[in-house]
Amino acid sequence: MTISLIPYSPTAPGESSRTAHDYIQEPDRLRRPTDLVVSGVVGVSVSVFLAIILNLNYFDGFQPQLLMKMWNGDESLIGDAFGEWGPAVVVAAIKLIPGSQSVWMGLLSSSLTMALIVIFLRYLLAFGWTYWESCLFTLVLACHPLVVAASVSGSASILSAFTFMALILSVDRLESVGDVQSQMQVGLLLALLILVDADAIHYAMALFLLVPICYRDIDHWRSYVSAVMVVIFPPLIGLATVAYIYTVFTDQSWEMLLRRWASPMHGATEMLPLADWLHLTGGSFIKSFILITGLTAVMMPAWAAILWRLARSRFERQVPGTALAALLVPTIGGASATFFWHASGCAPALIKAIAGMAVWVGTSRFPTRVRRSLLVLCAIGTLVSWLLFPLIGDREMVAWWESLFHPVGPVEHWTPSPLMTYGRF
Amino acid sequence: MEDAVSCVSSHDQLELATLGRLTRQGIITDEDFRNVRERGWRWGSSLIDVTIGLGLARAWDVYGAYAAEAEVPFVDLHQSPAERMIIEVDQRENYIRLELLPWRRERGGRIVLATTRLAPPQREWAEKRYGADGYSMVVTSKFDVLWEIQRVFLEIDDEEAREGLFLRNPRKSAKSHVSRWQLLGFYLGTSALLLGWAFAPKWTTILVFWILGIVYLSSFLFRFVLTWIGAKRSVDIQVSDDEVAALDERDLPVFTVLVPMFREAGVLPLLMASLRRLDYPASKLDIKLVLEEGDDETIEAAKRLGAASTVEIIRVPKGHPQTKPKACNYALRFARGDILAIYDAEDQPEADQLKKVVACFRKSPPSVGCIQARLNYFNFTDNFLTRMFTLEYSQWFDFLLPGLHFLRVPIPLGGTSNHFRTSILRDLGAWDPYNVTEDADLGVRLTQAGYTVGIVNSTTFEEANGHLFSWIKQRSRWIKGYMQTWLVHMRDPVALYRSLGHVGFWGFQLFIGAPPLMLLINPILWLTTVWLAVQPVDPLKDLLPPVVQYISLFDLMIGNLMLVYFGIVSAFKRRYHELTIFGLLNPLYWVLHSIASYKALWQLMLSPHFWEKTEHGKSAATKKALAAVAREGGRA
């Protein structure tokens with residue numbers, strides 16, 4: 001008999017039973033001069049394209065309303081943006097630069113998009129896409145109207161999409177590497193996402209469902225609670241800190257704080273009649289979910305290919321975390337964000353779905369046929385989206401779209417989405 | 001194996017004959033005989049060492065049989081001690097290494113050597129020293145040789161153990177812990193602060209908040225970086241099971257294990273059981289129980305358990321300071337291993353730890369002077385204190401130390417389960433007997449000397465201190481030791497900066513200097529926060545510049561809450577899921593730390609070298625295990 005006080009068998013702490021595969025490390029081939037040239041060409045092309053669109057918007061006089069509220073710092077209007085602390089901080093920082101203008105925000109978000117596209121291109125190259133496939137895919141994606149709208153508007157969307165992509169990437173790392181760092185990474189990025197976008201609280205809830213799927217070492221309810229605590233604590237710290245700072249610096253009540261935080265979700269009361277998505281779905285989760293899923297599948301069919309791939313590929317089913325995160329978090333999160341009679345539209349969910357799809361594509365290895373099919377699907381989605389853009393029913397975004405094709409002023413030319421006819425109101 | 005046995009030397013044949021004699025005498029069985037031969041071949045060890053190491057026969061009997069087979073006299077050094085006149089001080093190292101001692105002088109002037117081996121190395125040394133006809137040999141037990149060397153060199157060894165480091169480099173010793181410049185600096189700083197509050201209270205307050213804010217912010221950011229690095233999976237894996245399995249036991253070095261004990265007779269059976277469980281050739285284990293002279297209870301308990309037949313007992317002479325590092329220094333003199341490890345009495349190392357350490361040393365550059373194993377607790381479910389202690393240790397050893405290792409910042413070694421290259425340890429002057437956290441101090445000196453400390457993915461489980469007063473005693477000693485270590489190394493900050501480099505220097509400040517300071521300041525800040533919270537108007541709001549307010553708020557909210565978060569993460573990494581929720585209670589634990597820090601400060605001023613003993617063997621888990629060992633007749 002061996003008497004031992006050692007509480008468990010000698011395995012290294014944090015050691016996963018699975019083989020580590022750190023996807024984030026770039027293979028040597030990306031350091032070849034051709035890779036750098038291709039990355040540069042794509043980056044410059046995207047920049048030029050976004051600059052043209054930005055220029056068109058600028059001369060047309062199109063101004064994103066939420067950004068302008070933040071930029072002008074009007075106390076009576078700022079409530080609409082109060083939940084988006086991250087962008088508010090960025091705006092405040094940019095305003096510190098002498099001579100800064102609101103259009104700089106558009107430049108900043110466009111530059112961020114360009115950086116994202118180049119990073120995405122390098123992921124594609126690392127995972128076996130040929131030069132022309134990866135160039136085409138990234139350029140087509142950069143031309144998607146939702147990506148363009150989010151980029152040039154200077155709003156929180158692109159920052160939110162960027163954080164969301166990083167989040168899905170860390171979910172992928174959690175599944176493949178399975179160390180505590182990736183678990184912490186998920187938690188910290190979730191905190192950042194919630195600070196960037198008040199709606200993200202709903203995406204967080206959707207993500208918690210995925211934790212036991214992504215983190216395979218969960219074998220007991222205690223380990224699940226433990227894993228969720230690791231993920232949920234940083235967002236709570238973020239929220240508690242903002243709440244504390246708010247009460248210390250403004251001397252206002254907690255109730256007011258919550259109302260202001262939720263304002264981007266609920267919208268100011270006087271804005272509710274203009275909340276078309278709310279009118280359309282009537283606050284129904286199921287209806288929202290179906291509509292978001294359908295719209296995403298139409299506007300980015302490559303996203304729907306995740307489902308097809310899950311059904312066909314055994315490997316994908318063995319490590320389904322990233323695919324499920326890209327597939328379900330935007331749709332469930334987006335539907336949930338409208339469930340409680342929130343005024344949010346579906347555009348943030350659609351943008352997150354595209355971001356999730358990009359991460360999934362960028363972290364998977366596909367055969368040639370699948371790669372080319374995805375490319376075709378992405379191109380179809382981009383084309384269809386330009387044609388059917390008003391379907392998304394977001395006044396500001398549709399105004400932007402209209403301003404490109406009818407440059408006579410944004411709001412006056414807005415027409416309700418064809419989907420509105422199916423709404424309750 | 002047959003080939004190996006067939007080409008044995010004459011000395012090997014003598015050992016084989018010794019085994020045969022022991023078998024004929026009925027001391028070992030035929031099966032033991034075969035077992036010893038097989039292991040001797042597999043381990044590449046002397047059959048005598050294997051027999052004693054496996055505990056199959058008493059050393060006395062084995063050496064008696066050996067002497068009989070060699071047809072030389074067997075002597076009892078207790079009854080017939082060595083003549084002091086013929087013992088040479090400068091040959092001390094050789095006496096220990098070769099396990100021999102000049103015993104008597106014959107009438108013709110020939111020296112008689114008492115030895116444990118009549119093997120070529122001993123003969124070569126003797127011939128070189130005394131000439132081919134200038135000596136003869138008698139056999140004695142190795143424990144007798146050790147005992148006699150201790151007796152003969154008692155005063156010198158004791159002096160070296162106490163004053164070795166101080167005599168060699170007084171600036172690195174904590175014998176006098178505060179330098180004149182440090183005292184002057186403290187006096188001037190305190191005076192300036194008081195005068196500032198008297199004549200310019202606003203600006204002084206702003207300055208104080210600035211400094212505190214930056215210290216807390218830097219400390220938090222540093223911990224965050226360390227935790228982030230420590231959370232990465234690749235930091236964890238140093239030695240795989242395959243690498244351990246691939247080790248050839250014939251090539252394993254002799255491993256010295258020092259176990260300093262003081263009034264710990266109760267846990268001795270458990271210690272012996274855990275040492276037996278170590279997966280390392282017993283013949284290559286040089287285990288030394290380091291006991292204090294006068295601690296008759298533990299010495300008698302060790303004898304009763306038969307420990308004296310398999311491990312060496314070192315009796316440390318009484319004298320100030322009576323500290324663990326002094327005992328270790330004393331025992332280090334007798335270490336024969338290439339690698340040396342320290343374990344505490346209640347330690348339960350994972351069985352393959354020593355092999356992992358060997359593999360880790362082999363794959364590390366020669367600059368790695370020490371490998372630290374992780375520490376954790378086996379009795380974490382006992383009460384609130386043991387749970388919090390376990391969370392703290394999990395964070396310390398699973399996150400912070402790997403992070404420090406990665407950044408090449410001096411690692412404050414844990415008090416146990418650190419494995420040194422013995423030669424490096426000796427070159428450095430070993431432990432500072434006047435420092436009550438000698439391990440932390442040694443970690444800094446190792447880095448200063450250009451060595452690094454590695455962290456191995458093996459854990460030693462200890463008994464967490466679950467009694468409040470005992471915990472405060474232990475913790476106050478640790479904090480006092482950190483204060484000592486900081487004061488000692490900051491006697492010459494420029495030299496410290498040059499030896500540690502930028503990252504190492506600031507890491508030292510943030511990891512060893514800042515924590516005791518923060519523990520002392522924390523209660524003041526907590527009370528200030530509570531006081532401010534109940535004020536109708538916040539008096540600091542208009543006083544402090546916005547940036548100071550932001551930093552303070554960041555420290556208060558994000559800093560503190562992230563420290564709580566690290567506790568949660570620590571439980572998660574260790575898979576102590578039942579402890580996760582206790583991570584939320586960390587602030588209560590910090591209060592205890594602050595209480596201990598004031599005790600530490602008080603002791604630093606009044607009795608800096610006093611070593612507050614931590615009692616072991618009190619937990620339910622230990623008692624249960626002891627009862628089980630007793631049921632198994634002490635051979636669990």
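Numbered from 1 within each chain, the chains take letters A, B, ... in sequence-line order. Keep in mind it's a predicted model, so treat the numbers as computed, not measured.
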With side chains defined as the heavy atoms from C-beta onward, is the minimum distance between [X] and [Y] less than 4.5 Å?
X        : Y        : answer
B:Lys232 : A:Val177 : no
B:Val569 : A:Phe233 : no
A:Leu188 : B:Trp228 : yes
B:Thr227 : A:Met184 : yes

Practice task
Using non-hydrogen atoms and a 4.5 Å limit, figure out which bit of B:Phe399 sits close to chain A: side chain, backbone, both or neither.
Solution key: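 Just its side chain gets close to chain A.
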Exercise for the section: Look at atom CZ of B:Phe554 and say whether more than 12 heavy atoms of other residues, nucleotides or ligands are closer to it than 6.0 Å. Expected result: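 Atom CZ in B:Phe554 is crowded, with more than 12 foreign heavy atoms closer than 6.0 Å.
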Practice task
Give a yes or no on this: more than 12 heavy atoms of other residues, nucleotides or ligands lie within 6.0 Å of atom CZ of A:Phe162.
Solution key: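 No, not enclosed.
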Sequence neighbours excluded and cut-off under 3.5 Å, please list the side-chain donor-acceptor pairs for residues 555-568 of chain B, or say none.
unit_1, atom_1, unit_2, atom_2, d
B:Asp555, OD1, B:Leu217, N, 3.4
B:Asn560, ND2, B:Leu556, O, 3.0
B:Tyr565, OH, A:Val230, O, 2.7

Practice task
Identify, with sequence neighbours excluded, every residue that meets side chain to side chain contact (heavy atoms under 4.5 Å, CB included) alongside B:His577.
Solution key: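 A:Arg222, A:Ser223, A:Ser226, B:Phe572, B:Arg575, B:Thr580.
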